Amino acid sequence: MMNRYAVILAAGQGTRMKSTLYKVLHPVLGRPMVQHVINQIKTVDLDQLVTIVGFGADQVMEDIGSESQFVVQEKQLGTGHAVQQAEGLLKDKDGTTIVVCGDTPLITGETYQALFDHHEKTGAKATVLTTTAPDPTGYGRVIRNDDGEVERIVEHKDATDEELQVNEINTGTYCFDNQALFHALKKVSNDNAQGEYYLPDVIEILRNNKEKVSAFLTPNHSETLGVNDRVALAQAEKIMKKRINENHMRNGVTIIDPDNTYIGPDVIIEQDVMIHPGSIITGSSTIKTNAIIGPHTEITNCTVGEETVVKQSVAKDSQIGNRVQIGPYAHIRPEAQVGNEVKVGNFVEVKKSTIGDKSKVSHLSYIGDANVGSNVNVGCGTITVNYDGKNKFLTTIEDEAFIGCNSNLIAPVTVGKGSYVAAGSTITKDVPGDSLSVARARQTNKEGYATKLKNRKQD
Ligand code: UD1
Ligand code: CA
């Protein structure tokens, strides 16, 4: 096999997005567009990957990290000029170079692979990936001669009325003989409607040099959407969502309403999970078998155990065990470790805390910076008072403790194993194991006093 290189074009400002966020960093299902492109292109065995960055370069380089080499295109003078920036890294190498736009997040690794294979098989110097678009508006049109051979690509803005009728479009993805590419790029001019150096002009230049050029027409038109504005961004999100959801459904996940379920590309979902409408599961989350998620639940970077139910709740950066019940309306904040068979009920917030197996925090509580043992019962309205306005402190509730309703546990504090805290207590000192702690004013009843009050004379 020939050496293979890839150049990702990601330097354009993306003016049509009307955004302070760099275009290729706009997320599709929680992952930046350019990252989708890189992940898919990496499924093809590459010898070198170069990303062209410009405006907002630091942020793009940070997001992509060590997966790619970078070249900065100081001024965005067009896609041809962008590729030329990789000259220093690639120019003299033998092999095939694929050029891909950072704003086509839906093209799959299989399509890239098929393009490479076609290109290498035909021995063409350039092969453009094309498709037939129901609405070709805005895309470059593929102009073929009477023999059906590709002659050139004309940009929408430069096209004649007749050329605008063509609905075979340039997807912005090409394979080139590497050396022929850099040679031809020198001849690209900016004499066109946009005053830019167009990469597609390389096709005509090579053809005029009697080199073989080819087109590979993919039937997967929905993959080739170029995201230039937020309308297209929403379309990309919709297509990606459908693709991911159908994949999970084929793998044995029930998704009640796929149009209203948003699952990120890195999420792992095991068989027989059921997902109700309005659920958003993103980041590196794993949902284990027979779990039930939703409705209206947001899970980010969490592991959710087997047979666990999470309803109308939000969970982030946390581990949730097996056969747990979360919600409705619970908030699991980062660094929570919820054991097996735990209950975290309505209006409970858990943050940076461990909750041991079979413990219950059923209603209206805040558990923050706490170590809660197993078989603990935390009564309704309990608060771990973890913050003095400057520092955070730890609360420890040992196994089998029982915290009465509406208690404040003022950290740092420990409630010992098996102890009881009376309802309404404000606990400021450690409670030893096997104790009852009552920390509230004693009740006094004044009998007959109500009548006395009612019969008071008015002044
Ligand atoms: C481009 C193609 C068009 C094709 C379409 C497919 C050209 C001239 N036109 O048009 O034929 O149908 O893609 O989606 O190539 N970029 C740079 N530096 C620049 C300019 C652009 O890195 O100086 C990058 C952008 O970040 C983007 C990609 O190149 O990721 C494509 O640029 P864009 O301006 O979106 O081109 P289109 O007008 O969509
Ligand atoms: Ca584009």
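When a ligand or atom number is given, it counts from 1 through the structure's own listing order. From a predicted model like this one, the values you see are computed outputs, not experimental measurements.
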> Indicate the atoms forming the closest heavy-atom contact of Arg207 with Val150, along with that distance.
CD-O, 3.1 Å
> Which heavy-atom pair separates Leu233 from Pro27 by the least distance, and what is that distance?
CD1-O, 4.0 Å
> Rounded to the nearest 0.5 Å, what's the gap from CD1 on Ile326 to CD1 on Ile293? Could you check?
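That separation rounds to 9.5 Å.
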> Check if Lys75 has a non-hydrogen atom at a distance under 4.0 Å from any atom of ligand 1.
no
> Around atom 9 (N) of ligand 1, find the nearest protein heavy atom and jot down its residue, atom name and distance.
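I find the closest protein heavy atom is Glu155 OE1, 2.9 Å.
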> Please identify which atoms of ligand 1 are closer than 4.0 Å to at least one heavy atom of Ala82.
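This gives 17 (C), 18 (N), 22 (O) as the contact atoms.
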> Quick check on contacts: which atoms of ligand 1 are under 4.0 angstrom from a heavy atom of Lys23?
35 (O)
> Counting each atom of ligand 1 from 1 as listed, which ones have a heavy atom of Leu77 under 4.0 Å away?
23 (O)
> Select one of side chain, backbone, both or neither to describe which atoms of Ile169 lie under 4.0 Å from any atom of ligand 1, heavy atoms only.
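Neither part.
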> Would you kindly specify which portion of Thr171 sits under 4.0 Å from ligand 1, judged on non-hydrogen atoms: side chain, backbone, both or neither?
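Thr171 to ligand 1: backbone contact only, side chain stays beyond 4.0 Å.
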> Between Val267 and Gly283, what is the shortest heavy-atom contact and its length?
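Smallest interatomic distance, heavy atoms only, reads CG2-O, 3.5 Å.
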> Considering distance alone, does some N or O of Tyr198 sit under 3.5 Å from an N or O of ligand 1?
no
> Could you tell me whether Lys91 sits above the aromatic face of Phe182, with NZ or CZ closer than 6.0 angstrom to the six-membered ring centre and within 45 degrees of the axis?
no
> Distance only, no hydrogens: is a donor on one side chain within 3.5 Å (strictly under) of an acceptor on the other, for Asp201 and Tyr197?
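Checked: Asp201/Tyr197 side chains show no N/O donor-acceptor pair below 3.5 Å.
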> What is the nearest protein non-hydrogen atom to atom 31 (C) of ligand 1, stated with its residue, atom name and distance?
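The closest heavy atom on the protein side is Cys101 SG, 3.6 Å.
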> Among side-chain atoms of Thr97 and Asn178, is any donor-acceptor pair under 3.5 angstrom?
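The answer is yes; a qualifying pair exists.
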> Measure the distance from atom 5 (C) of ligand 1 to every protein heavy atom, then report the residue, atom name and distance (to 0.1 Å) of the closest one.
Asn170 O, 4.0 Å
> Set out, in order, the CA-CA distance, both residues' side-chain angles and the distance that settles salt bridge (charged side-chain N to carboxylate O under 4.0 Å, His left out) for Arg4 and Asp117, then state yes or no.
CA-CA 11 Å; Arg4 288 176 168 183; Asp117 292 345; 3.4 Å; yes
> Is there at least one protein heavy-atom neighbour under 4.0 Å from atom 1 (C) of ligand 1?
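Protein heavy atom within 4.0 Å of atom 1 (C) of ligand 1: absent.
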> Taking all atoms of both residues into account, what is the closest heavy-atom pair of Ile256 and Pro277, and its distance?
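Smallest heavy-atom distance, with atoms named: CB-CD, 4.0 Å.
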> Is the contact between Glu196 and ligand 1 made by the side chain, the backbone, both, or neither, using heavy atoms and a 4.0 Å cut-off?
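For Glu196, there is no contact with ligand 1 at all, from either part.
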> If you measure from each non-hydrogen atom of Arg16 to ligand 1, which part falls under 4.0 Å: side chain, backbone, both or neither?
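Under 4.0 Å from ligand 1, Arg16 contributes side-chain atoms alone.
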> Quick one: which ligand 1 atoms are inside 4.0 Å of a heavy atom on Asn228?
35 (O), 39 (O)
> So does Tyr329 have more than 12 non-hydrogen atoms from other groups sitting under 6.0 Å from OH?
no
> What protein heavy atom sits nearest atom 16 (N) of ligand 1, and how far away is it?
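Going by distance alone, atom 16 (N) of ligand 1 is nearest to Gly12 N, 3.7 Å.
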> What is the closest protein heavy atom to atom 20 (C) of ligand 1, and at what distance does it sit?
Gly78 C, 3.7 Å
> Please confirm if an N, O or S atom belonging to Asn228, backbone or side chain, lies less than 3.0 Å from the Ca ion (ligand 2).
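Yes, within the cut-off.
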> Check Glu155 with Arg141, please: is the shortest side-chain N to carboxylate O separation under 4.0 Å?
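Here Arg141 does not pair with Glu155 in a salt bridge, since their nearest N and O are not under 4.0 Å apart.
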> Under 4.0 Å from ligand 1, counting heavy atoms only, is it the side chain of Pro200, its backbone, both or neither?
side chain
> With the Ca ion (ligand 2) as the point of reference, which N/O/S atom of Asp103 is the closest?
OD2
> Between Asp47 and Asn3, which heavy-atom pair has the shortest distance, and what is it?
OD2-CA, 3.3 Å
> Would you check if there is a donor-acceptor pair between the side chains of His119 and Ser214 at a distance under 3.5 Å?
no
> Decide if atom NZ of Lys316 counts as having more than 12 heavy atoms of other residues, nucleotides or ligands within a radius under 6.0 Å.
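Open: at most 12 neighbouring heavy atoms sit under 6.0 Å from NZ of Lys316.
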> Nearest to atom 30 (O) of ligand 1, what protein heavy atom do you find, and at what distance?
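Of the protein heavy atoms, Leu9 O, 2.9 Å lies nearest.
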> Taking only heavy atoms of Gly140 into account, list the atoms of ligand 1 that are under 4.0 Å away from them.
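Contacts of ligand 1 toward Gly140, numbered from 1: 3 (C), 4 (C), 11 (O), 12 (O).
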> Please say whether Ala11 places an N or O atom under 3.5 Å from an N or O atom belonging to ligand 1.
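Yes, Ala11 has an N/O under 3.5 Å of an N/O on ligand 1.
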> Using a distance-only test with no angle check, is there a side-chain donor-acceptor pair under 3.5 angstrom linking Gln40 and Thr108?
no
> Pairing donors with acceptors under 3.5 angstrom, does anything connect the side chains of Asn386 and Lys352?
no
> Considering all protein heavy atoms, does one lie under 4.0 Å from atom 36 (O) of ligand 1?
no
> If you count the atoms of ligand 1 from 1 in the order shown, which ones are under 4.0 Å from a heavy atom of Thr79?
7 (C), 8 (C), 15 (O), 20 (C), 21 (C), 29 (O), 31 (C), 32 (O)
> Among the heavy atoms of Ile52, does any lie under 4.0 Å from an atom of ligand 1?
no
> Can Gln73 be said to touch ligand 1, with heavy atoms closer than 4.0 Å?
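Contact check Gln73 vs ligand 1: positive.
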> Answer yes or no: does an N/O atom from Val24 fall short of 3.5 Å to an N/O atom of ligand 1?
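So ligand 1 has no N or O lying under 3.5 Å from an N or O of Val24.
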